[in-house]
Number of protein chains: 2
Amino acid sequence: MDDSDDKPRSSRSTGSARLTDVARVAGVAPMTVSRALNRPELVSEGTRLRVQRAVLETGYVPNRVAGALASSRSRLVALLVPTVAHSLFAEVVQTVMGALAPQGYQVLLGLVGYTPEQEETILETVLSRRPDGIVLTGCRHSALTRQRLKSAQVPLVEIWDMTDDPLDMLVGFSHEAVGRAVAEHLLARGCRRFGLISADDSRAKRRAVGFVSALEQAGAGEYQLREVGTPSSMPWGREKSAELLDQHSLDAIVCSSDILALGVLAEAQSRGLSVPGQLAIMGFGDSSYAAASFPALSTVRIDGAAIGLRAAEHLLQRMALPAFQRAGQTLDIGFEIIDRDTT
Amino acid sequence: MDDSDDKPRSSRSTGSARLTDVARVAGVAPMTVSRALNRPELVSEGTRLRVQRAVLETGYVPNRVAGALASSRSRLVALLVPTVAHSLFAEVVQTVMGALAPQGYQVLLGLVGYTPEQEETILETVLSRRPDGIVLTGCRHSALTRQRLKSAQVPLVEIWDMTDDPLDMLVGFSHEAVGRAVAEHLLARGCRRFGLISADDSRAKRRAVGFVSALEQAGAGEYQLREVGTPSSMPWGREKSAELLDQHSLDAIVCSSDILALGVLAEAQSRGLSVPGQLAIMGFGDSSYAAASFPALSTVRIDGAAIGLRAAEHLLQRMALPAFQRAGQTLDIGFEIIDRDTT
DNA sequence: ATACAAATTGATTGCGCTAACATTCCTGGC
DNA sequence: GCCAGGAATGTTAGCGCAATCAATTTGTAT
């Protein structure tokens, strides 16, 4: 219970209370404080209380940087999405974080945009934090990215896409299948002359590919493709649909996102085209405003909350495993054509 | 250039390449590798190249956990917002991250919801990561939160609100002023009997308070208030507006978010009320769908991108300072009444 | 009481890196 | 040739914590 004989603070110290300060106040060894805070079941009731009091008295805030270094566990999960300025990905971020927080994991967010180069850069800095797990949007990565992920040996969930060859775990859906389903839906409605407005984004492109392949398979329909930059927006949708409608006679326009479709809808209304009578319109994502537009937008619903939740669950399960055991689960979450009033 | 005499890897080591491994391969001291990677201008051209080669050869990925511990610089910024499932905050997250990434800062995201208790809990775990800076939504914090933030001595920007007594830096706008401006706008339109639909969120409530105080000051108008839970949604807006319209004769409904206003709009349309003739509607936020609804929603525009950008700039400036010098800047970013077709 | 296991606490060591200081290597002016 | 002064590199000593194993205390069955 004496209070001297401690090392003077080195000039490199941060100045705030450390584990040893709490230990001194509580009259126990530093290791006992560590246990009282991290594995309280290993410590007796009385000791636990004394440590708690000492923590309050000293204003101690654990330093998880040091803890992570000593234990090789960062309690950090990296979450890499293209953007959060898109309700679909925002929903994923929200649910992933909601599922991880109660288990004591914090989230290091990375916005990788839509190019493999950005992903590569960001992944490197992310790995330097030694996350305990990674959630990564998409399955198409550069060779370097794949190699880094493999050698990092970190539990990993790829989301929002589908492949036969996942790096580890996978929770998503097939973009080609979405495209095919949309094509079949519109063909069944009698549409034949299609405009496609697609973002410059590999997954949007694969949906377009799926759409076209379904047309070919059906032996029916012709299409015109327009590409727009990211981020997608109503003005893009309006501009490209104006171009398409000026140059071609179309009976349906398929968009790679709801926001583009809203732009198309505005253009159609400004031309006095009846929707869906003269022009059918399909969006993608079932954003909150899809149901609110007039007429209500037909679209493709993706259950982002389910993707986020399942991804988090898979990751938690894997991270709880003592060693690294490949389990490589794949989960196809599917999608749903929402047939509202624009098709 | 020999290659033995190194310590054998302890059983606690992670197994991946370390700085010392790179140093051995490059034939230099570990400290030189550290410098070559972090302060390349201090190292000769030849050494830098040899180190780069050695990094590639060993597949070295720096361990910033150890780096942060040794240098007391985490290169981490904590970003605390209520949610990302709301385009306004998503925009802030997007711009803050966009501004910080080029400077080498990564973002630790925290979703604090709308209660001071959640903020308190999350802040504690956030501080344990020793971030170099914090961006925090709102100015109303619990006493414990304020105390922790003060003693942590971390550069801090509060955003999305206004106060005379910021903890450090502040970039936001006055919610009371928004409420007053909305009231004046609607009074000028001739509205007198108001319904307010407000989320259970302290900032939304302060907008309502501002609204009511403007009515009182004008000596005109009466109002009915309904509160909804979070997250706000169209169904909430529809339900509460139905309740209001059943029980009262109203000529305007003011909502604490665009999404609620969309629900009100749907309810008005289902009752055959002309908007804004029989019922004026105001939203808040100018979400992307506000302009797309029919009729286009009148609302209050907040420049989330400007808030995020300025917050990041202030933080970067402060973090670049050698010591901690209080500067305590406050920036009122304002707002704009967007007068579309529902008022 | 005694022996033995289980529960609890403590001492030592090192995670991988960088701050701070020490040393060596140049370069050029005299 | 010699030395001042800067550039480049090296050495030492932690940062604050938890893994590991050792020591001690407590409980339990005989």
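Throughout, protein chains are lettered first and strands after them, A, B, ... in sequence-line order, and every chain is numbered starting at 1. Keep in mind the model is a prediction, meaning the values are calculated, not measured.
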**OP:** Find the distance A/Asp21:CG to D/dC15:P and express it as a whole number of Å.
**Re:** 11 Å
**OP:** Name the nucleic acid region contacted by B/Val65, choosing base, sugar-phosphate or nothing; use a 4.0 angstrom heavy-atom cut-off, strictly under.
**Re:** nothing
Subject >> Integer-rounded Å distance: D/dA18 P and A/Arg73 CZ >> reply: 11 Å
Original post:
Is any side-chain N of the basic residue among B/Asp168 and B/Arg318 closer than 4.0 Å to the acidic one's carboxylate O?
Top reply: yes
Original post:
Do the side-chain N or O atoms of A/Thr32 get closer than 4.0 angstrom to the phosphate oxygens (OP1, OP2) of C/dT9?
Top reply: no
Original post:
Reckon A/Ser72 touches a base, only the sugar-phosphate, or nothing at all at heavy-atom distances under 4.0 Å?
Top reply: nothing
**OP:** In whole angstrom, give the distance that lies between atom CZ of A/Arg48 and atom P of C/dT8.
**Re:** 9 Å
I'd like a table of atom pairs between the protein and nucleotides 18-20 of chain C - only N or O on both sides, under 3.5 Å - with the distance next to each one.
| from | atom 1 | to | atom 2 | distance (Å) |
| --- | --- | --- | --- | --- |
| C/dT18 | OP1 | B/Asn38 | ND2 | 2.6 |
| C/dT18 | OP2 | B/Ser34 | OG | 2.5 |
| C/dT18 | O2 | A/Arg12 | NH2 | 3.2 |

Original post:
Nearest-Å distance, CD (A/Glu41) to P (C/dT9)?
Top reply: 13 Å
Each nucleotide N or O in nucleotides 4-6 of chain D that has a protein N or O under 3.5 Å away: list the pair and distance.
none

Original post:
Between D/dG16 and A/Ser13, is there an OP1 or OP2 to side-chain N/O distance shorter than 4.0 Å?
Top reply: yes
**OP:** Take the protein atom CG of A/Asn63 and the nucleotide atom P of D/dG16, then report the distance between them rounded to whole Å.
**Re:** 7 Å
Original post:
Is the closest side-chain donor-acceptor distance between B/Ser44 and B/Thr47 under 3.5 Å?
Top reply: yes
**OP:** Please work out if A/Val28 contacts a base, only the sugar-phosphate, or nothing of the nucleic acid, heavy-atom cut-off 4.0 Å.
**Re:** sugar-phosphate
Subject >> Closest contact, heavy atoms only, B/Pro102 versus B/Gly98 >> reply: CD-O, 3.0 Å
